[in-house]
Each structure stands twice: as structure tokens, then as C-alpha cells.
Amino acid sequence: MKYLKIAFTAAALLCAEASFAQQKTISAKVDALISKMTLDEKVGQLNQLNGDWEATGPVTKDVGNKLDDVKKGKVGSVLNIMGTNHTRAFQEAAMQSRLKIPLLFGQDVIHGYSITFPIPLAEAASWDMAAMERSARIAATEAAAAGIHWTFAPMVDIARDPRWGRVMEGAGEDTYLGSMIAKARVKGFQGKGLGNIDAVMACVKHFAAYGAAIGGRDYNSVDMSRRTLWETYLPPFKAALDAGAATFMNSFNDLNGTPATGSSYLQRDILKGKWGFKGFVVSDWNSVGEMIPHGFVKDNYEAAEVAIKAGNDMDMESRAYIGNLAKVVKDGRINIAVVNEAVRRILTKKFEMGLFDDPYKFINPAREKAAMNRPENIEAARDMGRKSIVLLKNEKNILPLSKSIKSIALIGPLSKEKWYLKGAWSTDVDPNDNVVTIYDGIQKQAPGAKIYYAEGCKIKDSVATDFKDAVDAANKADVVVMAVGEDIFMTGEARSKANIHIPGVQEELIKAVVTTGKPVVVLLMAGRPMVFNWTADHAPAIVYTWWLGSQMGNSVADVLFGNYNPAGKLPITFPRSEGQIPIYYNSLNTGRPAQGDNDTFYRSSYIDLPNTPQYAFGYGLSYTTFSYSNISISKTNIKKTESLTVSFDLQNTGKIAGEETAQLYIRDMVAQPLRPVKELKDFKKVMLAPGETKRITFTINKEKLQFYNDNLQLITQPGEFKLMIGAASNNIKLEKTFQLTN
Ligand code: GLC
């Protein structure tokens, strides 16, 4: 054993040495190249243009000939370009430039490339880090084979406001869960490391606090204490950086009066300074130029100066850098060293990706064809879909359905929908005819069932009818499955909504069908939490499916017919009303906390609505049941240098195997500044056979107890802590307290 350890240590040392040597070599190569570059060529490396595929932001008109710009060394990167045929043409142009510096090709591969995986918020509901890493790994493999070097993902913005359309793109409201997921996704995208043929650079975005846009209105201002910034919004970025993320993207929003793109506090003090980030920062689409409408600078000349000084290395699509930066340097507004630093960061990544050794390394049509839509990867998408589904209600165990059921009424405007199932930020590489619809999925798993289909209404219908076709279909069938929700344009960027109820008259349709008295299963399909209070109270079974991508119909059918016992848990709070927003589980107690939903007399509550959400963070049912018992704690007193363990028995008390995600929350009972009523600090996914019991143990140490004080120092304070073990943030099963002593 001893010799094995020595061997491992030696191997590790050799790897570290090799990596250090490689970095030294690259650094020398970068220095040598920079010494040959003109000022214009340096500025060219900081310029990113949109390709010829599609635009993901406001398009600048009459941009001239992009390929010519590339040949003149005026472009360092191109985004929204996909496929080896497209990328080859641009790379060939780059090879005609004086110094033959290869281009970086970037793309929003957010949840899949050719195979579409569930939207990130759906994947977050799986709480399954391995599955999410695999999902990103497959996306990267397909994207890299298509000539893409760099994905603008993971989006790690904490979001507590479901009115914000981009809530679909992240991991929900919790910092701990969001940090774990950020790490998993970076590891998935970058795989064995830059330079591997199936690794793409990750890009952690949007730095920072973009998800806290006031009013949930996209691009709106963000205003928060630095303590909240550090405590709630920054940790997922740090987790992604620690996981080795190659690049960062800043954000459109202003934070406390400074646009993130022009924030030296964010990009230099924190990211490149305190955190020591060695990669590069790309602006968001035109965010350099948008400092003008922000009112932060008067023109693109100032925007270029402010952004490069603040640490923004690459300018996506504003053309502020290419049009002004050389003059900013010549006018002595900035030292050439500032430009050189940005160029160095970008060239270093191009070397690490192996693009100087072979600019066409990622351009191989045969490999591209072989990599796409592989059966095992399609199966992985179906599996990720199953794991992302959250069972919200299942009265009288309507679910799972029997596969020998005689007839099913399938009702709703999303029953046969294809494209929408891919959700926002899906690529259109693969036409939607590879998407499995809800209808297809059900038909395949219940081939003997007669399916009575009725659309019922359109998603955006504003006038309810008697829904006769739908009611007739329901009356003919043994069971009803309804497929209702949003359309693909209702979540995503610039898709904020003031009203997040189920759109149109779909809830009236649900009412009409439930009123038939038939067993009804409502599938709610959306990229965000919706409000559906009548359905929540009256529909016997409710399944939140989100948007699950190419295999959605199969994933949903796997759950409906019991091939898979749902285990998803909500990564975000579901409000009863938009009026409650922002509403999140880890809030402060206030001096007049409401004790229950009807406690409004001089209490912090609403007089017209219960204080609690419709569904809480961490909530999700199973087809079986679980019991939590027999909690014990290893110590009731610890110093901050010590740790303790808390253990409990988790039993499957039902008749089928199932997986429970047991959650550990803590509360620091007395602290200055205040601490939330509960904070997620750990969780365990536990698969149990019927009747099986496992003893689960969590460890509590200083890292789980510390928090930021007003001086932004990470501290712990002595006093009483409560440990809570729960099946959801509002379903605490077991508790213990302990003292933290000096
Ligand atoms: C968009 C998004 C950003 C994306 C970029 C490139 O506006 O804000 O997330 O990566 O532009 O498409």
C-alpha cells in the first residue's frame, strides 16, 4: 500500500510538473507572438463578431464583409456559427491573416447541441450532479465535433423571480445547490481539459447578479448590498472558477449603479484579483456599447476605455473595441500593457485549445457526422428528462398508469407539439422532427390503448369555450392526460412576464375536464414556475415536466407508466401569486413572523393571500413514501475547528423502489447580521427498495456554518444552531440543535 501511495504521489507530481511546463511554454509562445503584433492586430484579437447562423441580440446593420475583416486580422472570435463547413471557411480566412492567429468559435450550447437535453432549470430539479455533468459532457462532445471551441455556459445566475424569463437557464434560487451544479456543468463541458478533442471552453455567466433584475424584468437594474452579493450571488461563480472554467461572461445589468461590463470591482478586484482568475472575460452581446444607453459613458470611445480598464477582455458584437481602442491607446488614455494583458489571456486559451498547432483541429466532417445523435446519448437525454420531472400531486395514486389501460384521453395544445419541447436556448441543428411528442411517448408505452385526442384550445386563446371536444374525449376515456403550459417564446432571454399564470384559457380547459369527474393527470410544461392555484387544489394528479428536449415524450411516458419513479425536487419556489414575488425559502424571520397562513394581525404577511408559496423549494413527491426517524448527533458542542455528524434512518415505507433526496438545512439561531430561517447545506439522493432502510449521515463543519459579516469577512459566531433534515424546505422531518463555542 505504501508503495502504491508513493507511486500515486510521484505520478501526481509528474502531472503537475508537466502542466507547469506546458504553461511556461505557452507563456513564452504568447510573449513571442505579442511582440510581433501591431496595435491593430492586438485590438483585432479582442473583437468578437456574430457569425452567419443566427443573431442572439440586436444586429448591427451594414457590417461589411466579415471574412475580409478576419483576413485582415480584425477578428479574434466568431459566435453563432455552427458546423464544420461554416467554421472551416472562417478559419481558412484567419489563416490568410499576417500572423495566422486562429479564431475561437463560440456558441450557446446551453442544454445540448444536436440532441436537446432538458432546460437547465429542469435538470436542476434532478439534484443529480453526475447526470448533469454527463448532459454537459454529451453537449460538449457534439459541439466540439461540429467545430465549436467554446460554449457560453453554464449560466449560474441565482434567480428568485420566476417573472424573469431566463430563470429557465440556471439552477434556481439556492446558492448551495447552484454552486454544486455550476461545478458539475463546467466539468462536463471541459471534460479532461482544454486541448482534448471533445472539450469545449466553458463560459460562466452572467457576471454578476443578473438574476436579481428589479421586477424580474430582463436587463433591468440590480441593487443589493455587497453582503448579499457575496453571500447569495457570487458563490456559484467561484465554484465554477474553482472547477477550472476557462472564461467568464459579464452581464447586461448595472449593479449598484455600475454596469457589470464597466465594473472594475467585479472583474478586477474580485474575479482577476481576489479569485486569481487567469482566463478571459467576454462581454455579453453589445454590453460594451450598451454602457451608452445606460448613461455610464457618452460614446463608444469612452465605452472601450472604461470596459478594457474594468477588465472586460473581449468585446462581443459592439465593435467599440475595434473602432476605438487603438485610438484610446494612442491618445494615452490607457497604457498598451492593459491591451496586452487582454490579448495574452485570449491567446493563452487559443494555445491551450491546441489551435495554433492545428487551426482545423475541431474541423472534421466525418467526426462531426459520427458524433451526432448517438443512441447512447439519446438514451442519456431520455434519462436526464425522467430525472428532471417533479411529481407535485398524486391523489388516490392515479399514477402510475397501467400499460394495459384501455383508453386515454390526451387533451391540450401541447399534446402533439414538437419544437416547443426543446425549450429556449436549444440549437436548431436538428430539425424538430427528432423530438418525441407527448402523444408519441404515450402511444409507444400503451400500444393497446385507444387515445382520444383533443387540442381543447390554443395556448394563447383568450376566450373560453365549452371545450366540447375535450369534454367528449374525457367522457369516453378511462383516464385523462392533459398537456398544457407555455409556448417556447414565453421563457428565455427578453421573455419576462408580469403574469405567470398558465397562459390563455388553459386553466378553464382543465376545469372543464376535471369537472367530468374522470381521473385527470395534468402535465404542466413551461420554462419557469407558473401560477395555477385552481389546478393545484382540484386536479387529482399534477406533474411538472418543464421542457425536457428531444426525448420529452419518452421521459414523460416513462414516469406516467411507472418505468421510472419520479424523484425530482423543485429548485425554485412556486408562488401562489405574482404579488408574492420575490418569495424564496431562505428568507429572514423578521420581527413579526407570521405563524401560519392566516396569521395576519400585525404580522409580516398579506391580508389577501396566505404567506406560504404554492410549492416550496425542495418539494417533490414519489410513487412511494419515505419515513425519517432515529436522528442522532455526534456532539452537542463543537468549536469552529471541529466537526460533528448528524445521522438518521431513511426508510422506503411503500411498495415500489424509489429515490428520495434528503435535505440538510441549518439555522444560526442568533447572529449579527441576521441569518435565514433555514439554509440548504447538504443533501443526499438515496435509492431504496420497498421496506429498505438506510442510515444517512451528514457532516457539519465550519464551512457549513460561516457567513459574511458587514465587512465581507467570512466568519462564524458562537451560539445555538438548529439542524433540520427534510424532504423539502417546508417539510422538516427531524431536528437537532448544537452549540458552536469559541
Ligand atoms: C445573449 C445572452 C448571452 C449569450 C450571448 C451570445 O444576449 O445574454 O447569455 O451567451 O448573447 O448569444
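Start at 1 and go down the list; that is how both ligands and their atoms are numbered. The shown structure was predicted, so the numbers you read here are calculated from the model rather than taken from an experiment.
For ligand 1, the atoms lying closer than 4.0 Å to a non-hydrogen atom of Thr56 are 1 (C), 6 (C), 7 (O), 11 (O), 12 (O). Close contacts between ligand 1 and Trp285 involve ligand atoms 7 (O), 11 (O) [criterion: under 4.0 Å to a heavy atom]. Atoms of ligand 1 lying under 4.0 Å from at least one heavy atom of Arg166, given by number and element, are 2 (C), 3 (C), 8 (O), 9 (O). When each atom of ligand 1 is checked for a heavy atom of Phe252 under 4.0 Å away, the hits are 7 (O), 8 (O). Near Lys205, meaning under 4.0 Å from any of its heavy atoms, are these atoms of ligand 1: 3 (C), 4 (C), 9 (O), 10 (O).
Ring centers of Trp546 and Phe117: at least 6.0 Å apart, outside the cut-off. Taking the six-membered ring for Trp and the full ring otherwise, Phe237 and Trp275 have centroids separated by 6.0 Å or more. Here the two rings, on His149 and Phe105, have centers that are under 6.0 Å apart.
In this structure, atom 1 (C) of ligand 1 lies nearest to the protein heavy atom Glu493 OE1, 3.2 Å. Nearest protein neighbour of atom 3 (C) of ligand 1, counting heavy atoms only, is Asp284 OD1, 3.3 Å.
Nearest-heavy-atom check against atom 9 (O) of ligand 1 across Gln48, Met316, His206 picks out His206.
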How far apart are the C-alpha atoms of Phe248 and Trp150, what are their side-chain angles, what is the distance that settles it, and do they pass the ring-ring contact (aromatic ring centres under 6.0 Å, His included) test? CA-CA 11 Å; Phe248 268 57; Trp150 179 23; over 10 Å; no

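Contact annotation: Met249 has at least one heavy atom less than 4.0 Å from an atom of ligand 1.
Contact annotation for Met155 and ligand 1: no heavy atom of the residue comes within less than 4.0 Å of the ligand. Heavy atoms of Asp108 found under 4.0 angstrom from ligand 1 belong exclusively to the side chain.
Judged by distance alone, with hydrogens and angles left aside, the side-chain atoms of Ser263 form no donor-acceptor pair with the main-chain N or O of Pro259 at under 3.5 Å. Distance alone, capped at 3.5 Å, is enough to place a donor-acceptor pair between the Thr545 side chain and the Leu524 backbone. Checking side-chain atoms of Asn47 against main-chain N and O of Gly76 turns up no donor-acceptor pair under 3.5 Å.
A salt bridge between Asp242 and Lys238 is present, with a side-chain N of the basic residue lying under 4.0 Å from a carboxylate O of the acidic one.
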